[in-house]
Amino acid sequence: MLRRVKNTLTDLSFLEELNQAQREAVESIEGPVLVIAGAGSGKTRTLVCRLAYLVYLGVPPENILLLTFTRRSAKEMIERAGTLLQKDCDRITGGTFHSLCHLMLRQYGHLLGYSSTFTLLDRGDVEDLLNLLKTSLGFSDNKKRFPKKQTLASIYSKMINKLISLEDLLSEEYPQFLEYLPMIERLFTEYQNYKREHQLMDYDDLLINWLEILKRYPQIRQEIGERFKFIMVDEYQDTNTLQGEIIRYMAESHRNVMVVGDDSQSIYGFRGANFRNILDFPKIFPDTKIIKLEQNYRSTQQILDLANITISNAKWKYKKNLFSLKREGEKPFLIRAFDDTEASRFIADKVLELRNKGLKLSQIAVLFRSAYHSYELEVELTKRGIPFVKYGGLKLLESAHIKDLVSFLRVLLNPHDYLSWNRILLLMENIGPRTAERVIGILKQEPLPFSLSKLKFTVNSREFQRFLELFLTIRPYEEAPSGILGQIWEFYEPIFQRIYYEEYHKRVKDIEGLFALSEKYLTLEEFLADLVLEPIELFEQENATFDEEPLVLSTIHSAKGLEWHTVFVISLIEGRFPSLHSLKNEEELEEERRLFYVAVTRAREQLYLVAPLMIYVPGEGKTFAKISRFIAEIPPNYYQELSSKKTSEPYKNTLTTSETSTSRSAFKVGDLVRHPHFGEGEVLEIIGEKIKVNFVSRGPTLLHLKYTYLELIS
DNA sequence: CCGTACAATGTTTTT
DNA sequence: CATTGTACGG
């Protein structure tokens with residue numbers, strides 16, 4: 001059935017680098033395949049090779065669908081496949097489940113009564129809408145214990161993703177709200193109606209609605225089967241029942257589907273992911289070929305040993321037998337710092353020491369359970385001028401000022417998005433909840449160009465009058481997104497200054513970021529959808545001045561699938577990791593354990609486990625912290641304890657040398673210098689504490705004198 | 001009816 | 001400790 005395409009693509013040498021099991025996975029082209037891949041077993045490489053192999057065999061790239069956990073990783077894999085083949089693979093469809101569903105719904109959503117310009121709601125929008133409905137139903141008056149908007153949003157999403165009834169969910173996880181069951185039920189019904197009536201979809205709707213279409217229309221299943229003849233799904237252990245169903249229907253006609261995952265790395269239970277999905281796959285697709293990748297290429301034996309202890313203590317034992325190439329390395333380190341401040345200092349010292357030894361900063365990562373665990377460290381790194389990026393913190397769209405701007409864009413595209421109308425109306429001078437409500441009432445009866453005079457008459461706000469004029473001049477389908485954004489910004493700036501005058505400069509940087517992003521898009525729809533589907537991380541932009549690739553700080557969830565030379569896992573104390581929230585529930589504790597397993601298996605060579613002795617507790621001051629059970633249960637001979645007080649001598653020397661070198665006289669333009677990592681280069685420029693060196697190996701590079709070890713050669 | 005000053009309140013992980 | 005709700009003055 002598959003014919004080899006002429007002989008232009010002859011180079012299959014990439015297959016030879018695979019081991020037996022990997023190769024089998026790559027070459028099993030037809031029928032359902034389940035790959036159980038342990039941590040570091042070359043899972044990504046296998047997927048990439050299989051993509052390349054399919055294209056090599058003559059499968060048109062547009063007939064291949066690759067579903068991954070982030071759009072970034074899909075893009076990366078497709079690029080890598082292209083490199084292997086030396087052929088463009090861009091036409092492979094790749095992305096997350098949500099982005100695929102979004103794509104499909106823009107095309108087929110009309111079957112459920114959705115126009116192709118429906119608005120996507122992010123978590124914050126969902127909360128706002130639930131809150132709006134809660135108030136309008138009168139549930140917020142005097143009902144002190146009625147759940148608040150965040151909780152409501154969590155309950156709703158869990159209910160949908162786990163496919164369980166509200167009553168079951170409440171009695172299992174939120175017994176304190178059981179008395180409100182009928183009210184919450186009512187609220188959720190209103191919520192669903194509201195979304196439908198106003199062309200809105202939340203994350204869950206993307207899955208539900210696409211699944212609904214697949215279920216209802218056999219001819220579409222057929223059509224989709226023709227379009228995506230080969231389906232691959234990465235990180236299958238983190239899919240939920242809905243996603244499993246979607247795959248079942250999409251692959252129904254040809255059954256060419258490969259899913260890859262590792263049950264011991266399932267860490268998304270909180271959003272309904274069920275690792276049983278992976279075990280049930282052969283039941284949904286009988287005759288599934290099961291392939292296990294058990295050889296670990298990533299980590300040293302010492303790191304693997306520690307990881308294996310963790311997983312062997314798991315309640316549910318996994319049938320896996322990870323073996324490595326017996327690559328010897330250093331035992332993992334355990335550091336008991338006095339408090340978070342000392343831990344941060346230790347890490348900063350160590351990072352600089354490693355960099356002085358020639359390790360790239362981007363080869364080092366600091367991992368933690370919750371985004372806020374790295375606050376102290378961020379302060380320390382900033383103080384020392386160590387560039388870093390943080391993954392898993394606040395997203396661009398989660399900041400109020402960005403949300404404001406986006407709301408303007410949204411109403412241009414979907415005038416029925418009254419949620420966004422509400423937001424922008426409240427921003428304007430002399431408009432409060434009541435006026436906003438009145439305006440929306442008018443808009444609902446008569447959409448904009450018609451209700452213009454009526455609105456001008458009713459609303460006493462100059463700002464609003466100006467906005468109306470602007471609204472009518474913008475052509476959202478014709479102008480470039482960046483141009484539209486520009487016009488909106490011109491209008492919004494004074495409002496912005498008024499509301500956020502305190503952190504004006506900090507926030508303006510995000511706006512600049514949004515502008516830069518908008519320039520990559522041709523249509524406003526795509527731009528807005530992407531902001532929700534692929535939320536942009538909001539990092540400290542101050543580090544952007546460094547040419548060097550930054551150190552990585554990341555939540556463990558966001559570190560999935562990645563690896564580094566050296567990994568620090570911080571905040572290893574009870575209540576933080578495992579998180580306080582999971583302590584009462586055994587299932588969630590098991591998930592925390594898998595999370596710890598994921599964290600330690602990110603490291604290739606060196607692993608540092610860091611736990612403070614004391615932590616600051618709000619009302620109580622400094623108190624003793626209990627070390628994480630995940631550390632306590634590891635026999636001490638699996639790690640070596642290291643004092644956080646003293647760093648190794650050679651490093652101290654370099655610090656003093658470089659500190660003397662901060663004085664302007666140390667280097668001058670034209671000097672020849674040597675850097676431990678970049679090699680030799682010529683000094684181009686000295687700007688305050690920074691120095692620009694033209695390295696033979698990598699061209700002009702800006703370095704911070706205080707923290708760089710430079711040797712004068714000439 | 002708007003805007004502001006103050007009190008209360010709980011705190012994970014992501015598409 | 002930062003966000004969210006409430007009370008009050010303009």
Side-chain angles (χ1 to χ4, degrees), chain A residues 67-72 95-102 120-124 126-128 131 134-135 140-151 153-154 157-158 160-161 201-207 235 238-240 242-243 266-273 367-373 375 391-395 397-400 425-438 459-461 498-499 503 529-537 554-560 571 575-583 585 588 591-592 594-596 598-599 616-619:
Chain A
L67 293 175
T68 58
F69 215 68
T70 63
R71 298 221 282 175
R72 198 178 69 205
T96 61
F97 268 92
H98 290 87
S99 69
L100 169 79
C101 292
H102 176 251
L120 261 179
L121 305 179
D122 74 352
R123 178 58 180 251
V126 170
E127 288 171 8
D128 289 347
N131 206 35
K134 180 173 117 180
T135 317
S140 39
D141 315 330
N142 304 325
K143 304 280 180 357
K144 279 208 177 114
R145 288 182 47 211
F146 196 80
K148 41 199 304 181
K149 57 180 187 175
Q150 285 99 332
T151 321
S154 302
S157 187
K158 262 196 182 154
I160 298 292
N161 281 291
M201 284 197 210
D202 60 26
Y203 286 118
D204 304 325
D205 291 328
L206 291 173
L207 302 179
E235 310 280 10
D238 285 323
T239 56
N240 60 31
L242 281 172
Q243 292 164 325
S266 159
I267 54 175
Y268 279 89
F270 67 91
R271 76 178 205 206
L367 306 181
F368 33 84
R369 170 70 245 258
S370 308
Y372 73 90
H373 293 161
Y375 286 169
Y391 295 101
L394 209 61
K395 301 295 189 292
L397 198 58
E398 282 164 13
S399 52
L425 284 166
L426 290 175
L427 289 173
M428 298 183 203
E429 202 119 62
N430 288 324
I431 298 183
R434 301 312 294 263
T435 317
E437 206 177 315
R438 231 173 43 227
V459 185
N460 164 35
S461 163
R498 186 174 71 228
I499 309 178
E503 314 134 299
D530 273 11
L531 280 174
V532 177
L533 286 173
E534 193 178 27
I536 311 295
E537 305 279 346
S554 176
T555 58
I556 298 163
H557 284 91
S558 300
K560 192 160 97 151
S571 275
R576 284 197 196 166
F577 194 4
S579 129
L580 193 64
H581 230 77
S582 67
L583 293 178
N585 181 329
E588 282 180 46
E591 183 152 313
E592 300 281 312
R594 293 193 293 270
L595 202 52
F596 181 69
V598 170
Y616 180 78
V617 180

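Each chain gets a letter, A, B and so on, in the order the sequences are listed, and its residues count up from 1.
- When the P atom is used for both C/dT4 and B/dT13, the distance is 15 Å, rounded to whole Å.
- Under the salt bridge (charged side-chain N to carboxylate O under 4.0 Å, His left out) criterion, A/Lys560 pairs with A/Glu235, A/Asp238, sequence neighbours left out.
- Distances from the side chain of A/Thr435 to the nucleotides B/dT15, C/dT4, B/dC1 place B/dC1 closest.
- Partners of A/Glu398 according to the salt bridge (charged side-chain N to carboxylate O under 4.0 Å, His left out) rule, which considers only residues two or more places apart in sequence or in another chain, do not exist here.
- Candidate nucleotides C/dT4, B/dT15, B/dG3 were compared by shortest atom distance to the side chain of A/Glu429, and B/dG3 ranks first.
- Contacts of A/Thr555 classified as side chain to side chain donor-acceptor pair (under 3.5 Å), with partners at least two apart in sequence or in another chain: A/Ser558.
- Among residues two or more places apart in sequence or in another chain, the side chain to side chain donor-acceptor pair (under 3.5 Å) test is passed with A/Lys158 by A/Glu173.
- Taking A/Arg438 as the reference, nothing meets the salt bridge (charged side-chain N to carboxylate O under 4.0 Å, His left out) condition, with sequence neighbours excluded.
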Restricting both atoms to N or O, compile the protein contacts to nucleotides 6-8 of chain B shorter than 3.5 Å, with distance only.
none

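- For A/Glu127, the salt bridge (charged side-chain N to carboxylate O under 4.0 Å, His left out) partners are A/Arg123, not counting sequence neighbours.
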Using the 3.5 Å cut-off, write out each protein N or O paired with an N or O of nucleotides 12-14 of chain B and the distance between them.
from: B/dT12; atom 1: O2; to: A/Arg369; atom 2: NH1; distance (Å): 2.6
from: B/dT12; atom 1: O2; to: A/Arg369; atom 2: NH2; distance (Å): 2.5
from: B/dT13; atom 1: OP1; to: A/Ala371; atom 2: N; distance (Å): 2.9
from: B/dT13; atom 1: O4'; to: A/Arg369; atom 2: NH2; distance (Å): 3.1
from: B/dT13; atom 1: O2; to: A/Arg369; atom 2: NH2; distance (Å): 2.5
from: B/dT14; atom 1: OP1; to: A/Thr555; atom 2: OG1; distance (Å): 3.1
from: B/dT14; atom 1: OP1; to: A/Ser558; atom 2: OG; distance (Å): 3.0
from: B/dT14; atom 1: O2; to: A/Arg271; atom 2: NH1; distance (Å): 3.2

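- Applying the side chain to side chain contact (heavy atoms under 4.5 Å, CB included) rule to A/Pro535 yields the partners A/Tyr203, A/Lys395; only residues at least two apart in sequence or on another chain are considered.
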